[in-house]
A.B. asks: 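One structure, pasted below without further comment.
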Amino acid sequence: MQAPPASIRALAFHRRLPLPSPRPLALLPHSPVPLPPRSRPTPARSLMVFPAETAGEEADEEALPGLAGAGDGGGVSTEEWQRWGTSAPLPAVVADVVRQLLDMEFVAGEKMRFGGVGSKLKGDFKDVEDMKHRAVYETLPDSDQKLQYYSARQIGCRLLGSRGYLCQKCWLPMEDCMCSKLAPCSLWRGIRFWLYMHPKDFLRQNNTGKLLWQVFGIQAASLCLFGIQEHEDIMWDAFQRSGKEKVSFLYPNKSATPKSVKDLKFDDLTLNAGLQEVGVQPEPLNLVLLDGTWSNSAALYRRLKERWTAIWGEEDIPCISLSMLSASVMHKLRPQPAWDRTCTAAAAAGLLSELHMRPELSEFDLEGQAEAVECSLDILLDALTARRIRLGRSITRKQRHRRDCI
């Protein structure tokens, strides 16, 4: 018997962070009490600076100088949050972190500066914030609360650092916005994509998972941020409504018995999804894509497995692999660590193509939907390449694997 969603939220390893206190800096011990909101002057526009050098697996995107008004407009509203690509409410823990950062800026009398990949804090303010962050982190009683705080802090900094700089739809600098070139496409109602995204991939310019909701819409391709309890609850509640038979994770070689796209099961109601003009639509097959670097994907998988086991009491979660994996065009800018790995959007396109090859699904134009994703990848590649050429940067990356995958 399935446990009700409310009981799952009460599990020990999924305890929530305390709800935001009426005092904005409640999580920051020994901080001065800020002035009431009405008496605060609007902070001056913050400067977003970007270093020329990049390093490590997460430094594949180019980031150059541009202005971003971190403090402009105060805290993040639900409307602003949802414009970044989600229909979910603004998570309380993210709102709390943003409020703490803005209050610290006011008390310190110093503007926040963000820069580099991931909109990291820079300058003296970074040192002060880092000390307070570490102090708060050490007071949290368990690993799950630490993860929630870590994720919220990553997301909060990226929200403020990208404000006024990145397009809220395509996550590219506004002068490089590619939104007008993308063509929307309807996804077959029998499936629904979930982008389970690591916070370090949130608002990354070269992230490809964002393309799925840009093409199919936020209801057909939904964002779920790793470590954000409210987001994870929404996703798992949807899984429980559908039932475990209608949940699969695209992650290779993790099931006890390896499965492929041909092993996915569709009942008659699902096959008729979209044909009913009236009445309740059947629950779709939920296809979960792990969206992050390959080094971060292990943490994403572990958390999914923990939740799956807590709900359904099974250690083995249903993972599928693609049979025909081809290299993404994004390999030209973002080489993968192995020849058999590809970016999130290319994996989704491959999944749709393999579904199209099943006779009972051939009428749903899944191949056309795969082509729409591939076209969006071409547009993203062109936008990133044009930006690098304009700024005098290299348009190729050093290969990380021994076999040629282009």
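Only a predicted model underlies this, so the values are computations on that prediction, with no experimental measurement involved.
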A.B. asks: For the OG atom of Ser87 and the CD atom of Gln82, what is their distance to the nearest 0.5 Å?
C.D. replies: 6.5 Å
A.B. asks: Work out which heavy atom in Trp312 is nearest to a heavy atom in Gly243; give both atom names and the distance.
C.D. replies: CZ2-C, 4.3 Å
A.B. asks: Let's go through Arg303 and Asp144 carefully: what are the C-alpha distance in whole Å and the side-chain angles of both, what is the deciding distance for salt bridge (charged side-chain N to carboxylate O under 4.0 Å, His left out) to 0.1 Å, and is it a yes or a no?
C.D. replies: CA-CA 10 Å; Arg303 189 161 175 86; Asp144 196 66; 2.7 Å; yes
A.B. asks: What verdict does the side-chain contact (heavy atoms from CB on, under 4.5 Å) test give for Leu121 and Cys157, after you've listed the backbone C-alpha separation in whole Å, the side-chain angles of each residue and the deciding distance to 0.1 Å?
C.D. replies: CA-CA 7 Å; Leu121 280 167; Cys157 286; 4.1 Å; yes
A.B. asks: Ignoring hydrogens and geometry beyond distance, is a side-chain donor-acceptor pair present between Asp96 and Gln100 at under 3.5 Å?
C.D. replies: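 Yes, Gln100 and Asp96 have a side-chain donor paired with an acceptor closer than 3.5 Å.
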A.B. asks: Assess Lys246 against Phe239: is NZ or CZ under 6.0 Å from the centre of the six-membered ring, and within 45 degrees of the ring's axis?
C.D. replies: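 Output no; distance or angle outside limits.
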A.B. asks: Using the rule given for side-chain contact (heavy atoms from CB on, under 4.5 Å), can you reason through Lys169 versus Arg83, listing the C-alpha separation, both sets of side-chain angles and the distance that settles it, and then say yes or no?
C.D. replies: CA-CA 7 Å; Lys169 293 185 181 295; Arg83 285 196 294 268; over 6 Å; no
A.B. asks: Any pair with a residue in residues 345-358 that passes salt bridge (Lys or Arg N to Asp or Glu O under 4.0 Å), sequence neighbours left out, goes on the list, sorted by first then second residue, please.
C.D. replies: Arg358-Glu360
A.B. asks: Do Ser222 and Phe193 come close enough that some side-chain heavy atom pair is under 4.5 Å?
C.D. replies: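 No; the side chains remain at least 4.5 Å from each other.
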A.B. asks: Would you mind checking if Glu283 and Arg192 are paired as a salt bridge, meaning a charged N to carboxylate O distance below 4.0 Å?
C.D. replies: no
A.B. asks: Where does the angle between the aromatic ring planes of Trp236 and Phe249 fall among parallel (under 30°), tilted (30 to 60°) and perpendicular (over 60°)?
C.D. replies: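 If you compare the ring of Trp236 with that of Phe249, the planes turn out tilted.
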A.B. asks: Would you check if the side chain of Lys210 reaches a backbone N or O of Gln205 as a donor-acceptor pair within less than 3.5 Å?
C.D. replies: yes
A.B. asks: Tell me, please, which residues at least two apart from Asp263 pass salt bridge (charged side-chain N to carboxylate O under 4.0 Å, His left out).
C.D. replies: none
A.B. asks: Quick check against the 3.5 Å criterion: does Lys181 have a side-chain atom that pairs as donor or acceptor with the backbone of Ile379?
C.D. replies: no
A.B. asks: Determine whether the aromatic ring centres of residues Trp188 and Phe266 are separated by less than 6.0 angstrom.
C.D. replies: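 Between Phe266 and Trp188, the centre distance is under 6.0 Å.
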A.B. asks: Hey, is Arg307 close enough to Asp233 for a salt bridge, meaning N to O under 4.0 Å?
C.D. replies: yes
A.B. asks: Evaluate the side-chain proximity of Pro173 to Arg387: yes if any heavy-atom separation is below 4.5 Å, no if none is.
C.D. replies: yes
A.B. asks: Hey, does Tyr149 have a side-chain heavy atom less than 4.5 Å from the side chain of His133?
C.D. replies: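 In short, these two side chains touch, coming nearer than 4.5 Å.
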A.B. asks: Looking at residues at least two apart in the chain, or sitting in another chain, which of them share a ring-ring contact (aromatic ring centres under 6.0 Å, His included) with Trp213?
C.D. replies: Trp171
A.B. asks: Evaluate salt bridge (charged side-chain N to carboxylate O under 4.0 Å, His left out) for Arg390 paired with Asp176, printing each intermediate quantity in order.
C.D. replies: CA-CA 11 Å; Arg390 188 177 76 248; Asp176 302 299; 2.9 Å; yes
A.B. asks: Can you measure from CD (Gln168) to CG (Leu203) and round to the nearest 0.5 angstrom?
C.D. replies: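 Spacing of CD (Gln168) from CG (Leu203) equals 9.0 Å.
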A.B. asks: Would you give the length of the straight line joining atom CD of Glu230 to atom CD1 of Ile228, rounded to the nearest 0.5 angstrom?
C.D. replies: 7.0 Å
A.B. asks: I'd like to know if the side chain of Thr293 pairs up with that of Asn296 as donor and acceptor (distance under 3.5 Å, no hydrogens or angles considered).
C.D. replies: yes
A.B. asks: Using only atom types and a distance under 3.5 Å, with no angle test, would you say the side chain of Ser260 pairs donor to acceptor with the backbone of Leu322?
C.D. replies: no
A.B. asks: Any carboxylate oxygen within less than 4.0 angstrom of a Lys/Arg side-chain nitrogen, looking at Asp237 and Arg241?
C.D. replies: no
